[in-house]
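The block underneath contains the structure these notes are about, expressed in structure tokens.
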Amino acid sequence: MMLSFSACEQTSRENPLLQESTLPFGAPDFSKIQVTDYMPAFLFAMEQTRENIQKIVDCPDSATFENTILPFEDSSKLLARVSSVFFALTEADKTEELSEIEKTVQPLLTELQNEISFNKPLFERIKQVYDRQHDSLTGEDQKLLEEIYKGFVRKGALLPDDKMARMKEINLQIADLQQQWGDLLQAATNDAIVWVDKKEDLAGFSDADIEQCKKDAESRGGKAPYAIVIMNTTQQAPLASLDNRDLRKKVYEASIHRADGTNPKYNTFTIVSQIAKLRAEQAELMGYPCYAAYSLDNTMAKTTDNVNNFLKNLVKAYQAKAAAETKAIEAFAQKAEGKDFQLQPYDRFYYSAKMKKAMLDISDDEVKPYFNVDSVLMNGVFYAAGRVYGLTFKERKDIPTYHPDMRVFEVIDKDGQSLALFYADYYRRPTKRGGAWMDNFLEQSHHWNQKPIIFNVCNNAKAPEGKPSLITWDEVTTMFHEFGHALHGMLSNCNYKSLAGTNVYRDFVEMPSQFNESFASIPEVFDNYARHYETNQPMPAELKERMLKSINFQSAYALGENLAASSLDMAWHMLASKDVPAPDKAKAFEEEALRQYGILDAQIPPRYMTSYFNHVWGGGYAAGYYSYLWTEVLAVNVADTFAKMGALKPETGQAFRDKILSRGNTGDLMQMFTDFTGMQQPDASAILRARGL
């Protein structure tokens, strides 16, 4: 249903999404926003965007930066504000009503994007500015012009009419398929929950873990007294402590088969095949042999050869270590189970944990009491940011949120000025998709006089009321990771929103976040947050030493699962459209692709199998999952530089802030890296050293 402009205008007088917020920083007022506000707000904001674009096209004067590029930057300001709030909820607290609105609004947004991307008079004006003014502009003005012009070209603005029409169709089809993907995968993952009838079947779990299973069962319909929830990755954390081998197998298989058609209701391969084919066709329309070549042209890596060589060199360095690791775990298991025992993928975490306990005398249950979510946040994540960047954090209980579990903090700079708002949403719930991420309600922009409003989302288990929520070391580093993204957004100091914060190449954007993980294990930071939830005593030195030694214990697995997922992503996106396998051939293609990359290993499966690889089919990482490893190299190089300069010295933090974090996409990213580290090229071998390989 399309509302008339006047009808939307009438709604705008009451709709909180269409009014300037009176809250600090212009924060969204969730105490006033209702589900029924979203659709009218979208319709009004889309109509306003269309009007703004038309004004640019109708301008009688010759095209200039001031009358074309700046108005284009401003054209969808309201729509961006409405979208950021709505899509934050569809990711983190998605109700059936929001899902229905999303199904309606996604095609409308894609249609609008098509209208803009293929608006010939608009592009002609942008091209005129590019041709006439590019060389005379400087700094961010020149960069903004480049990004806008190249963005239009990459979307097909120079295509002939017939190819342009087909590109529009493909954009609409992909948007619809990605919507279907998100809904189907969330439903499949929720349905994959493993129900447990008897408490004794949960032997090996701590009392807190059992209590969590009980709570998860109650919140998901209570089909049995206990439930093991399936998370977004292939391997599941409970497999490290679950004694019942049959139940371990059941949990593992629930994970890997959640969306591959084992349950006929949930088969994402049909969507995968369609998206892959359409992406390949997009690339072919643009003159590229495959989608990966098209996508990588706009990254630091640049070519498929560069990415494949990067992955294959890591695979070579990793293979012997992985084989030795598997052999050692199986030999350890055979001591308890007999020499005929054969290690299975669902056994690996269990015996690896026991082996770690035997060799290093360490387990998650021993260290979790020292990792209280609240302490990790306040005394770890925030403490490190205070020491390094001079930031302080003041909780704001007067700012409403979209869910009671969220907390809001005002971020204050070292000069006492308010810098940003930060929202923390750390606990899992059935309405939240899996994984962890950072996003924003508003992006920083001096041009708009706008300070950033950033949020982090995680999926930690929330303890019952009155008890502390204790997390694993992996979950600790995830909190530091996502806050690295948040810092990239909060410390942005750019004129234009389109260039600010995390609006950088995909294979650079993960660098600040992966680097920020390094603070979690710096002794001063660690000792400040790793305190027993009951006594507030720091983790004993001897336990701390054992735990930190254990971080890289059997680290080949973590590298291998990432390499396998990255290889799968590349394999799918290096296909010509005619070669994309049919849905019933997808699993065979997956296996053959892993074999070709030299990383087919039943013991170390991909972190995400094709059928639930949300980064690639639902998110923005198509032909880009390699970037986690690519940016890990950059991050390790940056951490080494910090260590040399003084990791917690404010001068080091200021240099990193000035040369990288504040600059967004305003300059050459490799040059920024060089300016800070002094390195002309990243040292890829550093990733192996950092992982203990």
Side-chain angles (χ1 to χ4, degrees), residues 24-25 27 374-396 399 407-424 438 440 442-446 449-456 476-477 479-495 500-502 504 511-531 635 638-664 666-667 672-673 675-678:
F25 294 76
D374 292 338
S375 181
V376 174
L377 177 64
M378 305 297 291
N379 304 320
V381 171
F382 287 172
Y383 176 77
R387 292 282 281 109
V388 178
Y389 306 110
L391 306 180
T392 53
F393 301 84
K394 175 185 172 187
E395 188 155 15
R396 295 293 301 260
I399 297 176
R407 300 174 73 182
V408 186
F409 299 87
E410 183 177 354
V411 186
I412 300 163
D413 211 346
K414 55 187 165 189
D415 62 1
Q417 297 295 309
S418 290
L419 185 69
L421 280 183
F422 173 68
Y423 292 61
M438 164 269 187
N440 55 73
L442 289 173
E443 290 182 273
Q444 183 270 329
S445 167
H446 293 310
N449 193 30
Q450 185 170 289
K451 292 180 179 178
I453 303 180
I454 309 294
F455 58 88
N456 278 171
V476 170
T477 55
M479 285 176 64
F480 275 87
H481 176 103
E482 296 307 333
F483 195 73
H485 285 307
L487 287 166
H488 203 178
M490 294 188 295
L491 298 179
S492 177
N493 186 23
C494 303
N495 285 330
T502 56
V504 296
M511 184 276 284
S513 56
Q514 297 201 75
F515 157 67
N516 203 60
E517 292 178 31
S518 66
F519 290 111
S521 54
I522 288 176
E524 182 184 324
V525 179
F526 185 91
D527 292 345
N528 203 56
Y529 72 82
R531 292 176 171 269
V638 166
D640 288 345
T641 304
F642 258 77
K644 287 175 196 163
M645 295 172 66
L648 294 179
K649 278 188 178 176
E651 298 85 355
T652 313
Q654 190 63 47
F656 187 59
R657 180 173 176 173
D658 290 343
K659 293 174 181 177
I660 292 181
L661 289 181
S662 66
R663 295 191 59 198
T666 60
M672 290 183 198
F673 172 82
D675 289 345
F676 179 70
T677 63

Sub-3.5 Å donor-acceptor pair from the side chain of [X] to the main-chain atoms of [Y], do we have one?
| X | Y | answer |
| --- | --- | --- |
| Asn456 | Glu482 | yes |
| Tyr529 | Ala520 | yes |
| Ser492 | Gly489 | no |
| Thr652 | Ala647 | no |
| Gln444 | Leu491 | no |
| Asp415 | Gln417 | yes |

Verify side chain to side chain contact (heavy atoms under 4.5 Å, CB included) between Leu421 and Ile454, making sure each step is shown before the conclusion.
-> CA-CA 6 Å; Leu421 280 183; Ile454 309 294; over 6 Å; no
Nearest-0.5 Å distance, [atom1] of residue [X] to [atom2] of residue [Y]:
| X | Y | atom1 | atom2 | answer |
| --- | --- | --- | --- | --- |
| Asp413 | Arg657 | CG | CZ | 4.0 Å |
| Phe393 | Ile412 | CZ | CD1 | 9.5 Å |
| Met490 | Leu419 | CE | CG | 7.5 Å |
| Lys451 | Leu442 | NZ | CG | 12.5 Å |
| Arg387 | Ile522 | CZ | CD1 | 9.5 Å |

Measuring only between side-chain heavy atoms, which start at C-beta, is [X] closer than 4.5 Å to [Y]?
| X | Y | value |
| --- | --- | --- |
| Asn440 | Pro452 | no |
| Ser513 | Met438 | no |
| Arg407 | Asp374 | yes |
| Ile660 | Phe515 | no |

Closest approach of [X] and [Y], non-hydrogen atoms and distance?
| X | Y | answer |
| --- | --- | --- |
| Phe480 | Ala384 | CE2-CB, 4.4 Å |
| Leu487 | Ala385 | CD2-CB, 4.4 Å |
| Ala500 | Cys494 | CA-SG, 3.8 Å |
| Val504 | His488 | CG2-CE1, 4.1 Å |
| Tyr389 | Leu661 | OH-CD1, 3.6 Å |
| Ser445 | Asn495 | OG-O, 3.0 Å |

Criterion side chain to side chain donor-acceptor pair (under 3.5 Å) on Lys414 and Gln654, from CA distance to verdict | CA-CA 11 Å; Lys414 55 187 165 189; Gln654 190 63 47; 2.3 Å; yes
Who pairs with Glu443 by salt bridge (charged side-chain N to carboxylate O under 4.0 Å, His left out), at least two apart in sequence or on another chain?
-> Lys497
Does Glu517 have any side-chain contact (heavy atoms from CB on, under 4.5 Å) partners at least two apart in sequence or in another chain, and if so, which?
-> Thr477, His481, Gln514
Using side chain to side chain donor-acceptor pair (under 3.5 Å) as the criterion, list what pairs up with Arg531, not counting sequence neighbours.
-> none
Could you tell me how the ring of Phe656 sits relative to the ring of Phe642: parallel (under 30°), tilted (30 to 60°) or perpendicular (over 60°)?
-> perpendicular
Parallel under 30°, tilted from 30 to 60°, perpendicular over 60°: which one fits the rings of Phe483 and Phe422?
-> perpendicular
Give the C-alpha distance, both sets of side-chain angles, the deciding distance and a yes or no for side chain to side chain contact (heavy atoms under 4.5 Å, CB included) between Thr677 and Lys659.
-> CA-CA 10 Å; Thr677 63; Lys659 293 174 181 177; over 6 Å; no
